[in-house]
Amino acid sequence: MEEHHNEFGQPIGAPLPGWSARPLPPRTAMKGRFCRIEPLYPGSHAEDLFAANREDTEGRNWTYLPEDQGPHPSLDLYRRWTETAVSGDDPMWHAIIGAESGRAVGVAAYARIDQNSGVIEVGGINYSPRLQRRPAATDAMYLMMRRVFDELGYRCYEWKCDSLNAPSRAAALRLGFRYEGLFRQGVVYKGGSRDTAWFSVIDREWPELKSAFQHWLAPANCDATGEQRQSLSSFRRSALG
C-alpha cells in the first residue's frame with residue numbers, strides 16, 4: 001500500500017478526493033434468489049416472526065441478544081417491540097422473507113450508521129430455526145452487503161458480537177469479514193460483562209467477495225437435493241487467486 005506524508009514528513013492516511021457523506025439506506029426491498037429483505041413492518045411481519053421464533057423451544061437464540069429484543073412471551077409484546085424498533089432510522093430494522101414460504105423468518109438491522117465516514121454495521125441478527133443453515137441465510141447477508149457497497153458507496157461494513165458467541169464469530173469469518181480485535185469490557189448487558197469482537201469488510205475487498213457470493217448462490221452450485229456443491233470459502237479462495 002502506498003504511503004502518504006504531510007509537509008512535516010509525518011505518515012498520514014490516503015487522500016479521498018471527491019469524498020462526500022453517504023446516504024442513509026433506503027427503506028426499499030432487496031430481492032435475492034432465496035429470500036427477500038423488506039423494511040420491518042409490524043403489521044406484515046410480527047406474527048410470522050413470533051411464530052418462527054417460537055420454534056426455538058430452548059431459547060438458545062436469545063442468549064447473546066439484548067433483552068429488549070426477546071424472547072417475548074406473547075405476540076402482543078413482540079409486536080410492541082417491533083413497533084418501537086421501527087420508530088427510528090438507526091438501527092434500521094429489516095425482515096428476512098423466505099422466497100418459497102413468503103413468510104418472515106428472521107431480522108437484521110443496519111446500525112451505528114456513520115454517513116460522514118461511510119461506516120455502517122449489520123447487527124441485531126436473529127435467524128429463527130426456519131432460516132438457520134439455509135441458503136436464504138447467506139443470501140440475506142449478501143443482499144445487505146451489496147446495498148452498502150454497490151448502491152450506497154460505504155467504505156466499511158462492520159460486524160460486532162459477544163466474544164463468547166462462537167457461532168456468530170464463525171459466521172462473520174465465513175461471510176468474508178476480517179477480525180479486527182477485541183474491545184474488552186465494552187458492554188454491560190443481562191447483568192454481566194461483555195467483551196466485544198469486531199469484524200469488518202472494506203470496499204476494496206468487496207469485488208472479490210461479491211464474486212464468491214454470486215458463484216455460491218448460482219443455480220449451477222446446487223445439486224439435485226438443493227444443497228450447495230462448493231463452499232463459500234472455496235469460492236472466496238478462488239476469487240482471491
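From a predicted model like this one, the values you see are computed outputs, not experimental measurements.
- Remark: the backbone N or O of Glu55 is not paired with any side-chain donor or acceptor of Arg130 at under 3.5 angstrom.
- Inter-residue side-chain proximity for Ile120 and Arg22 is flagged as unmet; no heavy-atom pair is nearer than 4.5 Å.
- A donor-acceptor pair shorter than 3.5 Å cannot be found between the side chains of Trp62 and Asn53.
- If you check the side chains of Trp93 and Thr82, you find no donor sitting under 3.5 Å from an acceptor.
- Aromatic ring centres of Trp216 and Phe235 lie farther apart than the 6.0 Å criterion allows.
- Here the side chains of His215 and Asn221 are not in contact, with every heavy-atom distance at 4.5 Å or above.
- More than 12 heavy atoms of other residues, nucleotides or ligands shown are found within 6.0 angstrom of CZ on Arg169.
- For the salt bridge (charged side-chain N to carboxylate O under 4.0 Å, His left out) test with Glu205, the passing option among Arg155, Arg236, Arg178 is Arg178; the others fail.
- Side-chain atoms of Asn126 never come within 3.5 Å of backbone atoms of Gly106 as a donor-acceptor pair (strictly under, hydrogens ignored).
- Between Phe213 and Tyr142, a ring centre-to-centre spacing shorter than 6.0 Å is recorded.
- Checking side-chain atoms of Tyr154 against main-chain N and O of Gln115 turns up no donor-acceptor pair under 3.5 Å.
- In terms of modelled atom types and a separation under 3.5 Å, the side chain of Tyr127 and the main chain of Ala137 share a donor-acceptor contact.
- Inspection of the Arg237 and Ser231 side chains reveals no N or O donor paired with an N or O acceptor under 3.5 Å.
- Considering only heavy atoms from C-beta on, Val86 comes within 4.5 Å of Pro42 through its side chain.
- Judged purely by atom type and a 3.5 angstrom limit, Asp48 has no side-chain atom pairing as donor or acceptor with the backbone of Arg103.
- Heavy-atom contacts from other residues, nucleotides or ligands closer than 6.0 Å to OH of Tyr41 number 12 or fewer.
- No donor-acceptor pair under 3.5 Å is formed between the side chain of Asn165 and the backbone N or O of Tyr64.
- Within a 6.0 Å sphere centred on CD of Glu3, other residues, nucleotides and ligands contribute 12 heavy atoms or fewer.
- Considering all non-hydrogen atoms of both residues, Ala108 and Met141 come closest at CB-CE, 4.1 Å.
- You'll find the side chain of Leu209 reaches within 4.5 Å of the side chain of Met145, heavy atoms only.
- Ring pair His94/Tyr110 is perpendicular by interplanar angle, where above 60° counts as perpendicular and below 30° as parallel.
- Remark: the backbone N or O of Thr84 is paired with a side-chain donor or acceptor of Ser87 at under 3.5 angstrom.
- Residues Pro129 and Asn61 are in side-chain contact: their nearest non-hydrogen atoms beyond the backbone lie under 4.5 Å apart.
- Remark: side-chain polar atoms of Asp56 are paired, donor with acceptor, to backbone N or O of Arg60 under 3.5 angstrom.
- By the 4.5 Å heavy-atom criterion applied to side chains, Arg33 and Cys222 are counted as neighbours.
- The backbone N or O of Cys156 lies less than 3.5 Å from no partner atom in the side chain of Ser200, so there is not a single donor-acceptor pair.
- Between Glu121 and Lys160 there is a salt bridge, since a side-chain N of the basic residue sits under 4.0 Å from a carboxylate O of the acidic one.
- A donor-acceptor contact shorter than 3.5 Å is absent between the side chain of Asn116 and the backbone of Ala21.
- A salt bridge links Arg27 with Asp89: at least one charged nitrogen is closer than 4.0 Å to a carboxylate oxygen.
- Under the 3.5 Å distance criterion, with hydrogens and angles disregarded, a donor-acceptor pair is assigned to the side chains of Thr138 and Arg174.
- Between Pro26 and Leu152 there is a side-chain heavy-atom pair separated by less than 4.5 Å.
- For the atom pair His45 NE2 and Ile96 CD1, the distance stands at 11.0 Å (nearest 0.5 Å).
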